[in-house]
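Step one of this worksheet: look at the structure below.
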Amino acid sequence: MTVRTRFAPSPTGTLHIGSARTALFNYLFSRHHGGTYLLRIEDTDRARNTEQAVQAIIDGLEWLGLSPDEPPVFQSTREARHAEVAREMLARGQAYRCYCTPEELAEMRRRAEAEGRPPRYDGRWRDRDPKEAPTGVTPAIRLKAPRDGETVIEDLVQGTVRVANAELDDMIILRGNGAPTYQHAVVVDDHDMGISHVIRGDDHLTNAFRQMQIYRAMDWEPPRFAHIPLIHGADGAKLSKRHGAQSVVEFREMGFLPEALCNYLLRLGWGHGDAEVLSREEAIRLFDLDGVGRAAARMDYAKLTHLNAVWLRRADDERLTREVVQRLGASAEAAGRIQTLMPALKERARTLNELAASARFLTVRPPLAMESKAEALLTPTTRGMLAELARALGKVAFAPPALDAALRDFAAARGEKLGAVAQPLRAALTGAVSSPPIDAVLTALGREETLARLAAVAGAPVT
Ligand code: GLU
């Protein structure tokens with residue numbers, strides 16, 4: 001079978017991480033099976049859809065490395081085709097025109113409610129002679145849904161799910177104004193796009209029954225369905241603002257890497273043994289729908305942050321430097337220092353924002369703003385010592401082994417431990433009490449900048 005999947009977001013806001021996970025699963029499933037992965041923008045609700053939201057989806061997918069294999073299909077451009085299929089269903093005797101007025105439908109609902117029944121359409125135009133049609137009412141087209149038996153879906157995640165057909169009424173497929181309903185448009189588009197597998201959130205499971213009836217009415221081969229559980233917060237409630245970030249762009253702004261976010265979203269509700277850290281290639285090789293659990297996935301921000309730290313350490317220094325330079329608006333000179341220190345910086349940060357914060361000291365000019373703990377290390381004695389150290393450093397090659405040896409010799413000559421020299425030095429060079437190893441910091445700053453920073457704090461030399 002040729003696998004063709006699609007991600008079908010409605011562009012009503014930003015790209016939600018739940019949607020991103022749906023896109024990821026569709027992507028991985030199609031790649032695993034050598035298939036095609038498509039994007040359909042479900043933009044028929046003109047009042048709620050905006051161009052900005054479409055762009056946010058396209059940009060978000062691109063950032064995640066989940067751009068579709070073909071240009072997106074816009075559902076709104078396909079209305080004529082949706083209407084055509086509705087007419088074909090009429091011709092096949094699988095649909096009928098319904099001339100109910102809004103008042104009649106409201107009355108039907110009221111009565112059902114009063115009698116404690118679910119508000120279903122009563123099928124009053126199902127077998128009525130169209131000659132009885134009132135004038136001045138443009139009819140809607142309704143599916144002539146089966147009344148007996150069951151509609152069954154062999155869902156690849158949920159297992160066999162079934163509903164008695166008596167529970168489903170004759171739904172509208174084309175409204176009186178000629179607009180297709182959501183269920184109808186989805187089926188026609190999935191059919192025309194040749195979709196083999198519909199992988200989406202399990203909030204669409206009940207839609208699948210309705211959609212299955214449309215496939216049957218048209219005698220079309222239905223796709224396989226896989227309804228994946230939604231993402232909930234750590235407390236089990238549906239993920240909402242109060243749990244934390246929700247949209248892909250928020251995670252991006254917080255300094256998460258796309259590969260870390262994808263790795264996390266994959267592991268959320270999908271497992272392969274103990275494997276935690278999975279590259280895109282490994283994910284493609286291992287992913288299948290059998291590994292998707294049925295329980296709601298719980299968002300764990302701490303775990304995501306941990307994975308991000310792992311991916312930061314694996315990331316290319318040049319790329320990380322670009323990210324940090326852009327965040328700090330750093331000069332070319334500072335960029336050079338940042339890149340030199342990157343191997344050490346990335347060991348200590350969990351997000352790009354933390355990484356940028358830890359690199360900020362490389363972009364400033366003396367005198368440095370000091371953390372109070374750093375300031376406290378700079379006493380008249382240590383300032384004097386730093387002045388002397390500056391003289392010693394004037395003669396040393398600025399590379400780690402030589403610098404390390406010079407610092408040790410300097411400390412030994414004064415009968416001090418290395419830390420007694422390194423800590424005030426760190427304070428003077430970084431304005432903070434923690435940083436990457438001091439020899440790496442010195443190397444990144446270079447002789448001239450190091451001496452300038454020391455000069456800014458050094459007091460009178462101790463004689
Ligand atoms: N447009 C729907 C949504 O954003 C998805 C429909 C589908 O995947 O069939 O939830």
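Each ligand, and each atom within it, is numbered from 1 in the order the structure gives.
- Only one option out of Ile17, Leu66, Ile57 pairs with Val248 in a side-chain contact (heavy atoms from CB on, under 4.5 Å); it is Ile17.
- With Tyr37 as the aromatic partner, Arg31 does not meet the cation-pi criteria of under 6.0 angstrom to the ring centre and within 45 degrees of the ring axis.
- For Ser10, heavy-atom contacts with ligand 1 shorter than 4.0 Å involve the backbone as well as the side chain.
- Atoms of ligand 1 found under 4.0 Å from any heavy atom of Glu42 (numbered from 1 in listed order, with element): 1 (N), 2 (C), 5 (C), 6 (C).
- Residue Val198 has no nitrogen or oxygen atom sitting less than 3.5 Å from a nitrogen or oxygen atom of ligand 1, judged on distance alone.
- With a 6.0 Å cutoff to the six-membered ring centre and a 45° limit on the axis angle, Arg285 does not count as a cation-pi contact of Phe287.
- In terms of protein heavy atoms, atom 10 (O) of ligand 1 is closest to His204 NE2, 2.9 Å.
- Scanning His227, Arg6, His16 for the heavy atom closest to atom 7 (C) of ligand 1 points to Arg6.
- For the ligand labelled ligand 1, residue Gln211 lies outside the 4.0 Å heavy-atom shell.
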Next on the checklist: Using the rule given for side-chain contact (heavy atoms from CB on, under 4.5 Å), can you reason through Thr36 versus Val3, listing the C-alpha separation, both sets of side-chain angles and the distance that settles it, and then say yes or no?
Outcome noted: CA-CA 6 Å; Thr36 308; Val3 167; over 6 Å; no
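- For the pair Arg6 and Leu39, the minimum side-chain heavy-atom distance is 4.5 Å or more.
- Counting heavy atoms closer than 4.0 Å to ligand 1, residue Tyr182 contributes side-chain atoms (C-beta onward) but none from N, CA, C or O.
- Sorted by first and then second residue, the salt bridge (Lys or Arg N to Asp or Glu O under 4.0 Å) pairs with a member in residues 168-184 read Arg126-Asp170, Asp169-Arg210; sequence neighbours excluded.
- Residues that satisfy the side chain to side chain donor-acceptor pair (under 3.5 Å) test with Arg4, not counting sequence neighbours, are absent from this structure.
- Here's the thing with Arg40: none of its N/O atoms is less than 3.5 angstrom from an N/O atom of ligand 1.
- Looking from atom 5 (C) of ligand 1 to the surrounding protein, the closest heavy atom is Ala8 O, 3.2 Å.
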